[in-house]
Amino acid sequence: MSNKDSRRLIAVSNRLPIVVKEEDGRWQLAAGAGGLVTALSPVLKRHRGMWIGWPGCDEAAPLEELVARFAEQEGYRLGTVPLTQEEVEDYYEGFSNMTLWPLFHDLLGLCQFNAQHWRAYVEVNRRFAEVTAKKIAREDLVWVQDYQLMLMGGRLRELGVKNPLAFFLHIPFPSLDLFRRLPWKMEILRGLLEFDLVGFQTLRDRRNFVACARELIPGLRAEVHRRTTVLRDEERAVRVGHFPISIDFGEFNNQARGREVADAAWYLHEKFANRQLLLGVDRLDYTKGIPERLLAFERALELYPELHGKLSLLQIVVPSRTQVPEYQSLKEQLDQLAGRINGRFGEPGWIPIHYMFRSLDRVQLLAHYRAAEIALITPLRDGMNLVAKEYCAASVDNNGVLILSEFAGAAEELGKGALLVNPYDLDGTAEAIRRAYTMEQGERQRRMRMLRASIQRNNVHRWVDYFVNSL
Ligand code: ADQ
């Protein structure tokens, strides 16, 4: 979007990117951290935009007053969509996270198909559309984010909204064979086709979506162009493209070079003196392949005894979705696996797996990225995976090796510089660990330079501009 363009951008996401908290009896509202906020805030400010979503906070918070203050401070406005506890359970934890999330990550066995959850999903999407319709002006561009809000396009059209509408899916889009299992597939598909532009992370996701639409909606024609595919019927044309999301490379790179991070990284080096550090950083989620990763590390220790005492896996897991039962049992499984492997291989002075269940602040996160000689990022399926990109941006000495799952969206862009693995193939992943451990300095540097150059070029600001300009 050019600076001269006077149209406002309206971003809509399930959760508003804010943190509301009470400190010393005073309520505070601050902008959240994270890539999407960093990328969208400048655009929203420049175009006097608005971000609409569920505030996710205590009902006691004086929201109206806080939201007005936020607009003054941050330069863009917030629109709030309140949700009841029951709606959060059925629409968010239920349909979004127990049906769509596993299905779209190819884990059919974990899906629940529950009609009550579906009805809540329809209802909440309708509510988001109503709030949005009331807040927008004729020329505004509306950009809806992610799988929780796939029906919003259709609901906005029903309310008579004629504005340009765009949608971006942060998670993968499944193959036709999997998508067909969803009892409400037609509603989802038709809902998505009400947007003018539908964006995916990778070419594979875009092709999956086009294949589903062509198979399930009779009479739909597809024109394939290099950047986008146009799907047409008698009345409408929808553009479908792929727009791989990224990070603010400059920010990660600069912060990683700072004094504070260098000191913290040095401290970590001292703590793990004379051995290489293999790092995993993930949200607690069964799609991230953490148990398989621990088993692959165990396999590496079985196959290559020369690694004993020379390599430690540091796995950091940030708690998430702790209300969903699958996430609770995953936590227990990880505790057990790490304990068993350490019991089997540990020696005085060497613990094979260091496992931390918490979030790291930015300085600590960057210090871990800088200090780790190898990153082991092996999701079973992932829309993109920003940790892979953050690790490279923070590897300012060009010294790190990235081992990456071929099923992460990031593999499409980073496949040449990374060592790609199939996370289900324990022997193959173990071999990649050994290869990374023994990799010569020259090869490490050549690969990491390539990775960093690509992420620097395709940074998140470019992603936003490219997407919005496509609209
Ligand atoms: P996520 O599934 O959340 O995102 P990811 O892209 O890896 O996955 O982003 C996770 C973020 O959380 C990163 O910025 C990372 O730094 C942070 N994080 C993880 N563990 C942490 C820890 N222990 N301490 C501190 N920070 C931690 C979804 C999709 C992805 C897609 C993104 C963006 O599932 O595939 O890349 O959206 O589109």
Side-chain angles (χ1 to χ4, degrees), residues 11 13-15 17 32-40 96-97 100-107 143-148 167-174 199-202 204-205 242-249 251-252 255-256 261 264 279-290 293 314-321 324 327 330-331 334 354-370 372 375-394 402 404-405 407-414 455 458-460 463-464 467:
S13 62
N14 165 59
R15 181 81 158 75
L36 198 59
V37 189
T38 317
L40 283 181
S96 299
N97 288 338
L100 294 173
W101 179 267
L103 185 73
F104 280 37
H105 286 89
D106 301 348
L107 296 164
W143 185 5
V144 177
Q145 310 284 329
D146 228 359
Y147 61 103
Q148 301 91 351
F167 177 82
F168 184 76
L169 187 69
H170 289 257
I171 66 174
F173 195 86
F200 297 95
Q201 298 272 26
T202 66
R204 180 185 300 264
D205 300 316
H242 64 289
F243 306 85
I245 198 169
S246 193
I247 58 164
D248 189 336
F249 178 90
E251 192 184 306
F252 274 86
Q255 281 184 3
V261 171
L279 179 70
V281 175
D282 307 81
R283 252 184 337 96
L284 179 73
D285 198 295
Y286 48 76
T287 61
K288 301 290 181 188
I290 313 173
R293 187 177 313 163
L314 178 50
Q315 176 63 55
I316 300 160
V317 182
V318 62
S320 87
R321 303 183 193 169
V324 180
Y327 290 72
L330 177 61
K331 162 99 175 47
L334 292 177
H354 294 256
Y355 167 58
M356 284 195 274
F357 189 61
R358 66 177 148 94
S359 174
L360 298 180
D361 64 26
R362 183 56 80 86
V363 169
Q364 278 301 323
L365 182 70
L366 288 171
H368 280 76
Y369 287 152
R370 258 196 85 161
L376 187 56
I377 300 173
T378 53
L380 305 179
R381 193 83 178 90
D382 217 330
M384 179 56 55
N385 194 299
L386 295 180
V387 173
K389 295 190 172 183
E390 292 169 3
Y391 173 71
C392 298
L402 174 65
L404 180 63
S405 163
F407 307 121
E412 237 174 55
E413 177 185 345
L414 307 181
I455 300 164
N458 301 315
N459 64 45
V460 76
W463 174 77
V464 172
F467 191 93

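Both counts, for ligands and for their atoms, begin at 1 and track the order of listing.
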- Set of residues satisfying side-chain contact (heavy atoms from CB on, under 4.5 Å) with respect to Asn458, sequence neighbours excluded: Glu413, Ser454, Arg462
- Task: Find all atoms of ligand 1 within a distance of less than 4.0 Å from any non-hydrogen atom belonging to Glu390, and give their numbers and elements.
- Result: 13 (C), 14 (O), 15 (C), 16 (O)
- Counting heavy atoms under 4.0 Å, the part of Asp285 that contacts ligand 1 is neither
- Note on the structure: The single option from Trp101, Phe104, Phe173 that satisfies ring-ring contact (aromatic ring centres under 6.0 Å, His included) with Tyr147 is Trp101
- Item | Closest to atom 38 (O) of ligand 1 (judged by heavy-atom distance), picking from Arg362, His170, Gln315 | His170
- Taking only heavy atoms of Arg358 into account, list the atoms of ligand 1 that are under 4.0 Å away from them. 23 (N)
- Message: Heavy-atom contact check, 4.0 Å cutoff: does Trp101 meet ligand 1?
- Response: yes
- Distance from Gln145 atom CD to Ile245 atom CD1, nearest 0.5 Å? 7.5 Å
- Task: Tell me which one of Val318, Leu386, Val317 gets a heavy atom nearest to atom 21 (C) of ligand 1.
- Result: Val318
- Query: Does some side-chain heavy atom of Val460 sit less than 4.5 Å from a side-chain heavy atom of Ile247?
  - Reply: no
- CZ (Arg204) with more than 12 external heavy atoms under 6.0 Å: no
- Please identify which atoms of ligand 1 are closer than 4.0 Å to at least one heavy atom of Val387. 7 (O), 15 (C)
- Task: Heavy-atom contacts with Val281 under 4.0 Å: which atoms of ligand 1 show up? List them by number with element.
- Result: 19 (C), 20 (N), 21 (C)
- Message: Check this for me, if you would: do Arg283 and Asp382 make a salt bridge, where the nitrogen-to-carboxylate-oxygen distance has to be below 4.0 angstrom?
- Response: no
- When you measure from atom 3 (O) of ligand 1 to each heavy atom in Lys389, Arg283, Arg381, Lys288, which option holds the nearest one? Arg283
- Message: Tell me whether the rings of Phe168 and Trp463 are parallel (<30°), tilted (30 to 60°) or perpendicular (>60°).
- Response: perpendicular
- Message: Go through it in stages, so that I can follow the logic: the residues are Ser246 and Ile455, the test is side chain to side chain contact (heavy atoms under 4.5 Å, CB included), and I'd like the CA-CA distance, side-chain angles, deciding distance and then a yes or no.
- Response: CA-CA 7 Å; Ser246 193; Ile455 300 164; 4.0 Å; yes
- Assign the ring pair Phe467 / Trp143 to parallel, tilted or perpendicular, where the plane angle (0 to 90°) is split at 30° and 60°. parallel
- Query: Is there a heavy atom in Gln201 that sits closer than 4.0 Å to ligand 1?
  - Reply: yes
- Item | Numbering as shown, the atoms of ligand 1 that approach Ile316 to under 4.0 Å (heavy-atom distance) | 23 (N)
- Determine whether any heavy atom of Tyr369 lies closer than 4.0 Å to an atom of ligand 1. yes
- Query: Is the backbone N or O of Gln364 less than 3.5 Å from a side-chain atom of Asp361, with the two atoms forming a donor-acceptor pair by type?
  - Reply: yes
- Query: Which of the numbered atoms in ligand 1 are below 4.0 angstrom from a heavy atom of Ile245?
  - Reply: 33 (C), 38 (O)
- Item | Proximal atoms of ligand 1 relative to Leu360 (non-hydrogen, under 4.0 Å) | 22 (C), 24 (N), 25 (C)
- Query: Of all the atoms in ligand 1, which lie at a distance below 4.0 Å from a heavy atom belonging to Gly383?
  - Reply: 35 (O)
